[in-house]
Every structure is written in C-alpha cells, then in structure tokens.
Amino acid sequence: MAAVRAEFQERNQAMADLYEQGRTLQEIGEQFGVTRERVRQILVHLGTAVTAVEARGARREARAEELSVQVKEFLEVHRAAIVAMSEGGAKRSDVEARYALLFPEIPAAVVREAVTEAGVLFDVDVQEFAFAQCAIEAAVWYVLARDLGLAADRARAVHEMDLDEMEGVGSLLLREGVAAETVADILGLAHAARTKVSDGAVAGEEFGIAKARYDTWRESVLDELGMESSKGSTPWPPTSQTVMKRLGGGAWAQAQRALGLTPDRRGRPPGGLVYEPQDYPAALRDFLSDAARAGTPTTYQAYEIWVRTQDRAGHRRPAPASIRLYYKSWTTAKRAATADGTVQAAPRTRRTEGGLLEAASALHDARQALERFRREVSEVRPAERSAYGQQFILAFYQEYEHRRRAWIRMMIERDDTAVARRLAGSPTRNERRLLSEDPPAVDTLLPDFVIDKLGGSDPRNTDGWIRPDAQAALDSVDDAVIRRFAAFKEARNHLMHGGVEAPKLKAALAALAADDDAFALKQTITRRVLLSWLLSGGQHRVVHLAESIPELWKQMIVGEALMATA
C-alpha cells in the first residue's frame with residue numbers, strides 16, 4: 001500500500017513539475033492517461049505555487065524559444081522560395097496555404113513566423129484575413145454550444161454540415177496542431193448549436209451570447225487547446241473584435257443578428273430588419289444569375305461580397321450566415337434556388353475566327369448598357385435614383401474590368417513575340433524564370449489584380465505586354481478621354497470602398513475640371529453628395545464619364561484587327 005501511495009505521489013509531483021515548465025493541463029492529462037480536470041484537482045491538492053498566468057508565461061517562453069529555432073531552420077531551406085513567390089505576386093495567405101498542403105508536418109506557427117522574418121513585401125492592395133468567414137461563424141456556434149451545454153451529434157453533422165465549413169475550420173485547427181478527435185468535437189458542437197437555433201426558431205425560442213461571455217469562453221478554449229493570444233498571433237477562436245468586424249460591421253449585436261441569434265437574449269429591437277420566407281430564394285436567384293452573367297464563382301464567400309455590393313446600392317439582402325441557417329447548408333441553399341430553373345447559365349464569350357476576343361462585342365454591349373441607363377434612369381422614382389445610379393456605375397465598370405482582363409490575356413496569347421520581347425528587356429529574376437518555363441507561365445505573372453493595376457488610372461498602359469502596333473492604337477486615345485475614365489474609375493472606387501478613395505477622386509475631378517467647369521465639385525465628397533452631383537442635370541456628368549469606356553473599346557478593336565491581320 002505504501003508503495004502504491006509513493007508511486008502516486010511521484011506521479012503527482014511529476015505533474016506539478018510539468019505544469020511549472022509550462023505544459024498545459026490537457027497535455028499533462030494525455031501523458032498520464034487522466035482528464036484535464038483530474039490534473040487540475042491534483043494540482044490544487046498539492047497547493048502548487050505556480051498560478052495559471054505564470055504557467056502560461058512559462059509555456060509562452062518555452063514555445064518562443066522552440067519556435068525561434070524552428071523558424072531559423074525553416075528559413076535556411078525555404079527563404080528563396082518565399083522570396084520568389086512574393087516577387088511573383090502571391091499573397092501572404094497563399095504562401096502559407098502552399099506550405100500547409102505540401103509540408104503538413106511543419107507547424108503553421110513556424111511558417112507564419114518565417115514568412116514574417118523573411119522580410120519580403122506582399123501586395124498591400126489585396127485584402128487578406130486570418131480566418132475565412134466560415135471559421136469565424138463556426139467559432140461563435142462552437143462557443144454558444146459550450147455555453148448551452150450541448151452535445152455533438154456527428155451522425156447528423158456528417159450529412160448536414162457544409163464540406164467547405166468542415167474543411168475551412170478543420171484544416172485550420174489541424175495545421176495548428178489540434179488533435180483530430182478534438183477537431184471532430186469542435187465541428188460537431190458548432191453544428192449542434194446551429195441546429196438548436198434553427199429548430200428552436202420554429203417554436204419561437206431565442207438564443208444568443210453576450211460579448212463578454214464569448215470572450216470568457218474564448219480564453220478557456222485557448223487554454224484547453226494550448227494556444228496563446230498575443231500580438232502577432234491569430235489563434236482560433238478569433239477575438240470578439242474580429243467577429244464584430246467581419247460579421248456585424250463593427251457591432252456585436254449586428255453580428256448576432258447576422259447569424260440568426262438574438263442579441264443579449266433581449267429580443268430584436270423595434271424596427272429591426274426581418275426577411276420574409278420568399279426573400280431568401282429571391283436573393284439567391286439574383287446572386288446566381290448575376291454570377292452567371294459575369295462568369296464569377298458561386299461560393300459562400302462570393303455571396304458575401306455580393307451582399308455587401310447590394311447593400312451599398314441600397315438593396316438589403318439576407319446575410320450569408322442567415323442563408324446558411326435558413327437552408328441548413330450553402331449547397332442546399334443553391335439547390336433550392338435553382339430548382340425552378342430560373343437561373344440562366346453563363347453566356348459564352350464570343351470570339352472572332354482568329355481566336356481573339358471580339359472587342360466589337362464589348363463595345364456593342366457597353367453602348368447598349370449606357371443607352372439602357374439613359375432610358376431607364378428617368379423613370380426611376382427620385383428616392384431610388386441614387387441607388388440605381390450607384391448600381392449602374394459599379395456594374396458598368398466591373399464589366400469593363402472583367403472583359404479588359406480577358407482581352408489583354410488573349411492579345412498576349414496570340415502574340416508569338418510577347419515572351420521574347422519581355423525576356424529581351426529587363427525582367428526580374430522571377431519573371432525570367434517563369435517566362436523560361438515550357439510553356440511560359442504568363443498567367444502566373446498576370447493574375448487579375450496585376451492586370452487591373454497596369455497603368456494605374458491610364459488604361460492605355462499595358463507595361464509592354466501588347467505588341468507595339470496594337471499598343472500604338474491604344475496610345476492614340478485622347479488624353480481627355482483618359483481623364484474622364486480616371487474620374488469614372490475613382491468615383492466607382494469611392495462608392496465601393498468609401499472615404500479611403502476620396503483624395504484620388506478629388507485629384508481626378510480637379511484634372512477634369514481644367515477641361516470642363518461642370519466637373520468642379522466644391523463640396524465635401526460623401527457617397528450621397530457624389531451620387532446627387534453625378535446624377536443632377538439629366539445625368540450629364542455620369543454619362544459623360546461612362547462614355548470614356550466605349551471610346552477605349554474603339555481603339556482596342558483597332559489593336560485587335562492589327563493582330564488578326566498580321
């Protein structure tokens with residue numbers, strides 16, 4: 001009996017020593033085959049002098065030292081590859097994702113820290129987020145499940161839960177070193193909470209979680225998972241600030257409503273936006289139709305962007321989380337919306353016999369869209385005219401941007417001298433490497449955002465990618481047309497992004513006002529002021545700016561003809 005007691009005392013002391021060294025309760029329990037709660041009880045019984053804060057500090061120091069060694073070893077092997085990807089226009093998140101897929105044995109924290117220490121620059125115009133939206137939503141659902149004391153039902157989750165959500169959250173946690181069994185429990189609980197809320201809505205039940213309650217649970221979950229929330233790190237679950245920003249426009253109550261929850265369990269405020277059953281399929285049909293016409297993805301993330309665009313145009317649409325809650329999954333939602341066959345397939349892009357995109361078709365469509373706007377805007381009620389005008393500006397420019405990308409790519413593809421001309425110039429090391437591949441990796445060098453940035457506000461500038469004779473046709477576009485185009489583009493950017501673009505818009509309008517006093521805007525630029533000003537006087541200003549795009553297509557037709565006849 002004494003021997004057994006001594007053995008337990010030795011085990012308990014070993015637990016205390018490991019805790020002082022910074023090991024988590026979960027890690028100690030797994031080592032000795034007991035639960036984390038039993039470890040906590042033993043430590044309390046021993047009266048260990050190390051507090052939880054001190055233990056976390058020890059863990060942080062130990063991990064920081066270990067991480068530093070791992071990062072150094074990682075960079076010795078992979079620094080050149082990180083630099084090459086950066087020079088090629090890759091996003092930081094893309095670099096981290098590549099290593100997660102091809103080197104899953106390397107901890108995500110090591111890759112993240114190494115990318116930072118590599119000292120490379122990534123494109124700052126590309127907005128990146130540490131978490132996909134599905135991962136943020138799952139965090140709230142998981143914490144709510146813990147708060148409600150729910151149990152996971154994996155058998156139900158396996159056929160009801162979205163695969164993109166499972167993969168988005170699961171892969172994130174697995175990369176952080178979370179055990180697969182724990183990941184499965186997290187996914188199951190997140191699904192259980194969403195199901196509880198969805199089923200409870202039928203009976204009039206209300207559910208929600210206060211921000212402070214979420215923060216408390218988050219700290220507990222991070223401790224259980226052995227993660228630390230500190231400057232420069234982004235462990236899951238995300239902070240309440242991230243939840244508010246990404247789901248609620250900066251407000252916790254709005255984030256709750258976006259998920260179908262009731263803020264603070266006190267009910268919805270008077271006048272809150274409530275959608276009728278028919279609003280959900282209607283929104284999805286409109287989204288899928290718009291995506292089909294534009295040839296854009298129909299993913300959950302794409303719907304999120306579409307809703308934001310619709311909101312700016314004055315059209316309220318159910319939030320992505322509300323759609324998922326209503327239909328149980330994104331796949332089910334799309335299937336329900338397309339069941340009546342009203343969503344049209346994406347139109348095929350017309351081509352000339354020589355294989356080039358038909359710029360004449362783009363010119364025709366632009367003229368038709370502009371004429372339709374002129375005809376319909378006068379029939380729109382004054383109260384809705386600004387929203388209609390904004391929708392036209394956003395859609396008209398987006399269509400030009402999309403077709404210009406395709407046109408430039410096809411012009412390069414049909415030009416046998418394009419690659420040789422680039423190599424004969426002064427290419428970067430990364431550009432030379434990609435163009436020397438067989439076939440040349442032109443698409444890698446020219447993703448959408450790179451093409452959009454060519455020339456800045458001067459669409460004539462293609463950075464030498466277009467053959468000189470075709471480029472000469474573009475260069476012949478009058479500078480006055482370019483000033484109108486620049487003003488139209490910056491107006492669109494201001495409507496899309498808000499006040500961030502105001503200085504550029506002011507400069508573009510000032511340059512235009514030198515030609516025409518009608519474009520001297522002397523008021524403080526806000527979305528309301530801008531739209532009212534552009535649409536006043538019979539929409540003269542917005543039409544005059546938009547006409548710059550057909551003028552550009554005219555000369556692109558000439559450049560295309562030169563390529564086709566060479």
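Values reported hereafter were calculated over all heavy atoms of this structure, with side chains retained and with hydrogens, waters and symmetry mates removed.
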Problem set entry | From CG (Asp478) to CZ (Arg484), nearest 0.5 Å | 9.0 Å

Exercise. In Å, rounded to the nearest 0.5 Å, how long is the span from CZ of Phe485 to CD1 of Ile549?
Worked result: 6.0 Å

Exercise. Taking the six-membered ring for Trp, are Phe373 and Phe392 parallel (under 30°), tilted (30 to 60°) or perpendicular (over 60°)?
Worked result: parallel

Problem set entry | Student check: side-chain heavy atoms of Leu531 and Leu495 closer than 4.5 Å | yes

Problem set entry | Side chain to side chain, Arg429 and Arg433, heavy atoms closer than 4.5 Å | no

For this session: Inspect the contact between Arg367 and Glu371 and indicate whether a charged nitrogen and a carboxylate oxygen are less than 4.0 angstrom apart.
Result: no

Problem set entry | Nearest-0.5 Å distance that lies between atom CZ in Phe396 and atom CG in Asp365 | 10.0 Å

Exercise. Quick check: does any side chain N or O of Trp141 sit under 3.5 Å from a backbone N or O of His191, one acting as donor and the other as acceptor?
Worked result: no

For this session: Identify the two heavy atoms, one from Met411 and one from Gly559, that lie closest to each other, and give their separation to 0.1 Å.
Result: CE-O, 3.6 Å

For this session: Considering only NZ, NE, NH1 and NH2 on the basic side and carboxylate oxygens on the acidic side, decide whether Arg112 and Glu96 come within less than 4.0 Å.
Result: no

Exercise. When you check the gap from the basic side-chain N to the acidic O, do Glu401 and Arg492 get nearer than 4.0 Å?
Worked result: yes

Problem set entry | Parallel, tilted or perpendicular: rings of Tyr397 and Phe488 (30°, 60°) | tilted

Problem set entry | Separation of Asp415 CG from Asp469 CG (nearest 0.5 Å) | 8.5 Å

Exercise. Is the closest basic N to carboxylate O distance between Lys554 and Glu560 below 4.0 Å?
Worked result: no

Exercise. Hey, are Asp279 and Arg317 close enough for a salt bridge, meaning a charged N less than 4.0 Å from a carboxylate O?
Worked result: no

Problem set entry | Main-chain N/O of Arg285 paired with Ser289 side-chain donor or acceptor, under 3.5 Å | yes

Exercise. What do you reckon, is CZ of Arg528 surrounded by more than 12 foreign heavy atoms closer than 6.0 Å?
Worked result: no

Exercise. Are any non-hydrogen side-chain atoms of Asn461 and Leu454 less than 4.5 angstrom apart?
Worked result: no

Exercise. So, Arg483 and Ser548: side-chain donor and acceptor under 3.5 Å apart, yes or no?
Worked result: no

Exercise. Would you say the side chain of Val419 lies within less than 4.5 Å of the side chain of Leu423, judging by non-hydrogen atoms?
Worked result: yes

Exercise. Under 3.5 Å, is there a donor-acceptor pair between the side chain of Ser532 and the main chain of Val529?
Worked result: no

Exercise. Would Thr417 and Arg467 count as having a side-chain donor-acceptor pair, cut-off 3.5 Å?
Worked result: no

Exercise. Residues in salt bridge (Lys or Arg N to Asp or Glu O under 4.0 Å) with Asp448, at least two apart?
Worked result: Arg405, Arg409

For this session: Look at the side chain of Gln471 and the backbone N and O of Ile466, then say whether any donor-acceptor pair between them is shorter than 3.5 Å.
Result: no

For this session: Taking all non-hydrogen atoms of both residues into account, name the closest pair between Ala359 and Trp553 and its distance.
Result: CB-CE3, 4.0 Å

Problem set entry | From CD (Glu399) to CZ (Arg403), nearest 0.5 Å | 5.0 Å

Problem set entry | Heavy-atom pair of closest approach, residues Pro318 and Ala283 | CD-CB, 3.7 Å

Exercise. What's the spacing between Leu534 CG and Leu545 CG if we round to 0.5 Å?
Worked result: 6.5 Å

Exercise. Taking NZ, NE, NH1 and NH2 as the nitrogens, is one of them in Asp452 or Lys489 under 4.0 Å from a carboxylate oxygen of the other?
Worked result: no

Exercise. Okay, side chain of Arg541, backbone of Leu535: is any donor-acceptor separation there less than 3.5 Å?
Worked result: no

Problem set entry | Note, Leu530 side chain near Leu505 side chain (heavy atom, < 4.5 Å) | yes

Exercise. Of the options Arg421, Arg422, Lys453, which is the one that meets Asp463 in a salt bridge (charged side-chain N to carboxylate O under 4.0 Å, His left out)?
Worked result: Arg422

